Undergrad: 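Take a look at the following structure, please.
All of these numbers come straight from a predicted model, not from anything done at the bench.
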Amino acid sequence: MKTPLYYLRIYLSIVTQYIKAKLQYRTDFFISTIGMIFTNIAGIFPVWIIFHNIPSLHGLSFNEMLFIYCFSLLALSPLQLFFDNIWSIWSHLLSGTFIKYYLKPMNVMFYYMSEVFDLKGLSQVAIGIGGLIYASNQLDVQWTLLNIVLLIVSLIGASLIMISLMILAASTGFWIMDPWNVISLVNRFRDFAKYPVSIFNDFFKFIFTFIIPIGCIAFYPSQLFLNPLQDNEMIVFFSPLIGIVLFIIANAVWNKGINSYSGTGS
Amino acid sequence: MAMIRLENLSKHYKVLNRSEGLSGALKDLFSRDYRIVKAVSDLSLEVNAGEIVGFVGPNGAGKSTTIKMMTGVLKPTSGLLTVNGRIPTKNRAQNMQEIGVVFGQRTQLWWDLPVIESFKILRQIYRVDQSSYNENMNIFEELIDLKALYSTPVRYLSLGQRMLCDIVASFLHNPKVIFLDEPTIGLDISIKSRIREVIKTLNEHKQTTIILTTHDLSDIEALCKRIVIIDKGTTVYDGSIQKVSSMFGAHRTLKIQLPPAEYLALDQLATSVNGHFSQASAITMEQSEEGWIHFTINQDEVHLMDVLNYIGHHYPVHDIKIEEISIDKIVKNIYEGGLA
């Protein structure tokens, strides 16, 4: 049995080398980082415009919206950083190069995902942390030790939700060969993660809570910090658990997929 | 001891019967009209430790499927399969620890990283201890002058250099069995012979069992004592390469092209060659496209030059080619009783 430490060591050596190699293309690095920063800032912009005209939306202030938005940026960062190779899986499946990932004494998903570390995602982490600090200062969120632990736990749980959904989308490729459209569709869900589920009608509220638990990525866990004294719905505490359960399911589907995928002819 | 054992191994695929045209494509969306394709059927094979076995067959013969089953990528439909005493698909990761695989044109090194970093990462993945790592790297260094390539990213290597690196890398963790799938494909003669040398030396030094697939019979002649020829998913010949070489080693294919004006003369040419050379069984003929005609000639009985001279004397030859006999031709000959 291989320990997490074994995988961590391998990951670190691959990623260090990968970063070294990537930094050789400096222009590419700077342009994509700047692009990423703009994308993330542009995401806040519509919210800012809305709040410029109205003081609150469904009982939420601009700073609360900012908090949720930045929480979602952080929760989506691990997907961006460590699982970006999901976007290339169609070409590996179609050309048959995917079978190379079966040929090492390692977990196939680990081996596959370890090949890409998306450097520009680090700017997303930076913006998320900066925005979260700003918003919580404005909102007087108390960062006690308990709250920090709670934040880390809920971020891990939340990040697993979108990771699992994307892995499920990618896994469809083992049967349908080209999962690009499914992946793009599921990727759209992340746009909804940054909005408070409470602004949707009951139908979408139900969907985004129980069917595709996008609300558990940022909105519900944020309530832990935004409304610590209120009676929150139970879902607020459950969202980290949902992430873990989803990941177990996604991993099982992926494993079933790699067993049924047979690669192309030669 | 049998390192690899296949007993009545089969792999069947379910394939949708496609209908024609757009309406057919729409119909196929809901069709349940499958047929079974037998990629491998009832294949039995035993390979001993330390052997190099050439595994050949025409395209679509089931070579890749068999290799994929032996490496644990594909699960057999039925039959027994053990490699190094294990069932490859069971506990895949553990199995991979003891085998090595090189797939022709697809590198398993890290594309963007310098060569030496790939070796260091492989060392971690396979948990190779420092002293065996150093020992192996020294052997590789002697064989392929690895140090000169250390700092070059894999993607800057030539195809031949990359192949050499891939092959030695597959020996790094001292596996018991190595599968080399088309290691010389697309390479020129000089690098091919280096690759053969490297494989031969490493096999002798480490007593690794090697399964080699190739389209190039000279690879097999240079490396293997034993050749397994498969076609349509099952063995058609399993035995010494010498027998195949002595049977077909003297065979050459002479390809002749006549100018378009002479296309009509093709049949006539065939009959006239047949009539001129009395040992008719030594020459087989086949017409190909664009006025090409292929003569497979057994030189033990008829000299190729005589045939060429005769044709050149009577017909306005446009172009010629001379080739060694291909695997496909050998398989065809075996069916016709060539090795019986």
Undergrad: Heavy atoms only: give me the nearest B/Arg106-A/Ser95 pair and the separation to one decimal.
TA: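 Looking at all heavy atoms of both residues, the closest pair is NH2-O, 3.7 Å.
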Undergrad: For B/Arg155, does the CZ atom sit with more than 12 other heavy atoms under 6.0 Å from it, leaving out its own atoms?
TA: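 Yes.
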Undergrad: Search all heavy atoms of A/Val108 against all heavy atoms of B/Arg92 and return the closest pair with its distance.
TA: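 Answer, listing the atom of A/Val108 first, then B/Arg92: CG2-NH2, 3.3 Å.
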Undergrad: Would you say that more than 12 heavy atoms from the other residues, nucleotides or ligands in this model lie under 6.0 Å from the NZ of B/Lys38, or not?
TA: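 Count not over threshold, so no.
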Undergrad: If you count heavy-atom pairs under 4.5 Å with chain B, which of A/Met106, A/Lys104, A/Glu115, A/Lys100 comes out on top?
TA: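 The answer is A/Lys104.
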Undergrad: How long is the span from the NZ atom in B/Lys120 to the CD1 atom in A/Ile14, to the nearest 0.5 Å?
TA: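 It is 14.0 Å, given to the nearest 0.5 Å.
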Undergrad: Pick one of side chain, backbone, both or neither for B/Thr89, based on which atoms fall under 4.5 Å of a heavy atom in chain A.
TA: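 Neither part.
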Undergrad: For B/Arg123, is it the side chain, the backbone, both, or neither that has a heavy atom closer than 4.5 Å to a heavy atom of chain A?
TA: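 Nothing of B/Arg123, per the 4.5 Å heavy-atom cut-off to chain A.
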Undergrad: First locate atom OG of A/Ser13, then atom CD of B/Gln124, and finally report the distance between them rounded to the nearest 0.5 Å.
TA: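 Here the rounded value is 3.5 Å.
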Undergrad: Pick whichever of B/Gln108, B/His173, B/Glu182, B/Glu98 has the most heavy-atom pairs under 4.5 Å with chain A.
TA: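 With the most close heavy-atom pairs to chain A, the winner is B/Gln108.
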Undergrad: For the CZ atom on A/Phe38, are there more than 12 heavy atoms of other groups (residues, nucleotides or ligands in this structure) within a distance under 6.0 Å?
TA: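 Incorrect, the count does not exceed 12.
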Undergrad: Is the CZ atom of A/Phe204 crowded by more than 12 outside heavy atoms at less than 6.0 Å?
TA: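 Incorrect, the count does not exceed 12.
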Undergrad: Just wondering, are more than 12 heavy atoms of other shown residues or ligands nearer than 6.0 Å to CH2 in B/Trp110?
TA: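 Buried by this count: over 12 neighbours within 6.0 Å.
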Undergrad: What part of B/Ile121 is in contact with chain A, defined as an atom under 4.5 angstrom from a non-hydrogen atom: side chain, backbone, both or neither?
TA: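 Just its side chain gets close to chain A.
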Undergrad: Distance from A/Ile99 atom CD1 to B/Phe103 atom CZ, nearest 0.5 Å?
TA: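 Nearest 0.5 Å value for the CD1-CZ distance: 4.0 Å.
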Undergrad: If I measure from the heavy atoms of chain B, does A/Tyr6 come under 4.5 Å with its side chain, its backbone, both, or neither?
TA: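 Contact with chain B involves the side chain of A/Tyr6 alone.
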Undergrad: Please name the pair of heavy atoms, one in A/Tyr18 and one in B/Asp112, separated by the smallest distance, quoted to 0.1 Å.
TA: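 What the structure gives for the nearest pair is CE1-OD2, 4.2 Å.
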Undergrad: Of the backbone (N, CA, C, O) and the side chain (C-beta and beyond), which part of B/Ile99 lies under 4.5 Å from a heavy atom of chain A, both, or neither?
TA: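 Neither part.
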Undergrad: If you look at every heavy atom in A/Pro105 and B/Ala93, which pair is closest and at what distance?
TA: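 Minimum heavy-atom separation between A/Pro105 and B/Ala93: CB-O, 3.1 Å.
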